[in-house]
Amino acid sequence: LGRKINSAFTELTKAPVIDEKVLDSLVKEICAALLASDVNVMLVQRLRANIKKNVNLEELANGANKKRMIEKAVMDELYNLVDPEAEPYKPVKRRANIFMMVGLQGAGKTTTCTKIAAFYQRKGWKVALVCADTFRAGAFDQLKQNATKAKIPYYGSYTETDPVAIALEGVEKFKAEKFEIIIVDTSGRHKQEVELFEEMKQISSAVKPDTTIFVMDGTIGQAAEAQAKAFKEAADFGSIIMTKMDGHAKGGGAISAVAATHSPIIFIGTGEHLQDMERFEPRSFIRKVLGMHDMRDMIEQVQDTMQMADSKKLMKNIEKGQYSLRDMYEQFQQVAKMGPLSKLMGNIPGMPAEMMAGTEQEGTRRMKRMMCIMDSMTDAELDGDNKPFEDINRVMRVARGSGTTVHEVQEILSQYTKFAEMVKTMGGKNGLMQNMPTDP
Ligand code: GDP
Ligand code: MG
């Protein structure tokens, strides 16, 4: 797909004379690519008309400049598709900012609200979560588990059945405790849209959110436009988060949703883990949908990854010769973030995709599985060494909790032991690390 677009632009560059025919075939290629990515059909037609209207072949001088102008006009039209001309809500420090999450069941609301909470918490905001989903059995447990893992205060109830009452109680409680960002998770009952929209409206008028965030499953393709429109009417959301943009999502749904609601996408979800969320950047997103990765994307991604890989704490521990299971977990997290890099590399023209595929992806998958196992460990276990796991009951509990085998858990523990021993010899008073320069 990307090759096609790139070659369409190459054709443009090679054409001796740029006439209606050359422009037509370029536009046709791009439209075909957009349709293949599940961008709404009407939208593609509008784009085609706009390009034809805005590129006046007669007025443009011939030559290289003309080609550049056309390329720019086409790309501008494409960027316009994901530019809602509306700014997302910016929370204000030292007061309560209420976020309300809406979206269908299974869209990823509960997962995403912890991701956002963690995002703001990392930036120094005082964040809390409220579970106002009384519809789905186990909804509170799910939020509680996620919140506990991310160390974010939460509120919910096993007995109260009125979502409006819980939402209000939670928000009032955290407001009184001077929380700055209070995120309200709601239910998304499937196939009961009338009741769902009614519930949303009631919660909204009770907690009066500063912003409502629509969470949409990125894999729904052509259905995106209708769904986004329906939620916009019912909940008047201020921004969108597209989830499940890992896997096979083609991205066209995102474009259609923005165009239909004039609301910005703020993040995209790229996996089930807490750290699997990226900021949405319209221009690079369009290039990705069209398969037009360039070096700049890659460099940015590398820089982002480097910044996130905050390994100072880890280095300090290593110097001291200390290494906990959590240190290993965090190291995996950092490496896992490099994952998409291999995908990007595969898109550099001339680079055979197969070269990047095989082992690195396998490695990432293996690591994610190990992280999933460690997710089933308690905080105390993570912060310690492998001693507690001499008790086989603990090993069995972790295996059960992560849906893996005792053997797999033991494998991780033995890997940990190897690392920890290495760290011990490297660090400590007489260790190898003593002469290394350190950050204050
Ligand atoms: P809710 O019903 O809207 O609260 O949705 P949940 O948060 O319970 O998520 C539904 C499922 O989607 C869960 O299995 C999540 O792990 C999964 N999920 C959520 N976000 C993502 C994502 O960005 N990528 C992937 N692959 N899965 C996700
Ligand atoms: Mg939920």
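Note that ligands are numbered from 1 as they come in the structure, with each ligand's atoms numbered from 1 the same way.
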Asker: Would you verify whether the NZ or CZ of Lys144 falls within 45 degrees of the ring axis of Tyr154 while also being under 6.0 Å from that six-membered ring's centre?
Answerer: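 Because its charged atom misses either the 6.0 Å distance or the 45° angle limit, Lys144 does not stack over Tyr154.
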
Asker: Using 2.8 Å as the cut-off, count the protein N, O or S atoms closer than that to the Mg ion (ligand 2).
Answerer: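 Count of protein N, O, S atoms less than 2.8 Å from the Mg ion (ligand 2): 1.
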
Asker: Examine Lys123 relative to Tyr120 and say whether NZ or CZ is less than 6.0 Å from the centre of the six-membered ring and inside a 45° cone about the ring axis.
Answerer: no

Asker: Given a heavy-atom cut-off of 4.0 Å, could you list the residues near ligand 1 in chain and number order?
Answerer: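 Close residues (ligand 1, cut-off 4.0 Å): Leu104, Gln105, Gly106, Ala107, Gly108, Lys109, Thr110, Thr111, Lys115, Arg136, Gln142, Thr243, Lys244, Asp246, Gly269, Thr270, Gly271, Glu272.
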
Asker: If we only count heavy atoms from C-beta on, is the Val406 to Gln410 side-chain gap below 4.5 Å?
Answerer: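 The answer is yes, as the side chains (C-beta and beyond) meet within the 4.5 Å cut-off.
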
Asker: Charged N to carboxylate O below 4.0 Å: is that the case for Arg326 and Asp379?
Answerer: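 Asp379 and Arg326: salt-bridged.
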
Asker: Is the distance between the ring centroids of Phe214 and Phe231 under 6.0 Å?
Answerer: yes

Asker: Should the pair Arg95-Asp210 be classified as a salt bridge under the 4.0 Å nitrogen-to-oxygen rule?
Answerer: yes

Asker: Which salt bridge (charged side-chain N to carboxylate O under 4.0 Å, His left out) pairs, counting each pair once, include a residue from residues 164-177, with sequence neighbours left out?
Answerer: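 Counting only pairs at least two positions apart or across chains, the salt bridge (charged side-chain N to carboxylate O under 4.0 Å, His left out) contacts touching residues 164-177 are Lys173-Glu177.
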
Asker: Output side-chain donor-acceptor pairs under 3.5 Å for residues 395-404, partner residues at least two apart or in another chain, one line each.
Answerer:
unit_1	atom_1	unit_2	atom_2	d
Arg397	NH1	Glu381	OE2	3.0
Arg397	NH2	Ser376	O	3.3
Arg397	NH2	Glu381	OE1	2.9
Ser402	OG	Val398	O	2.8
Ser402	OG	Ala399	O	3.4
Ser402	OG	Thr404	OG1	2.8

Asker: Salt bridge check, Lys387 against Glu390: does any charged N sit closer than 4.0 Å to a carboxylate O?
Answerer: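 A salt bridge is absent here (no side-chain N lies under 4.0 Å from a carboxylate O).
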
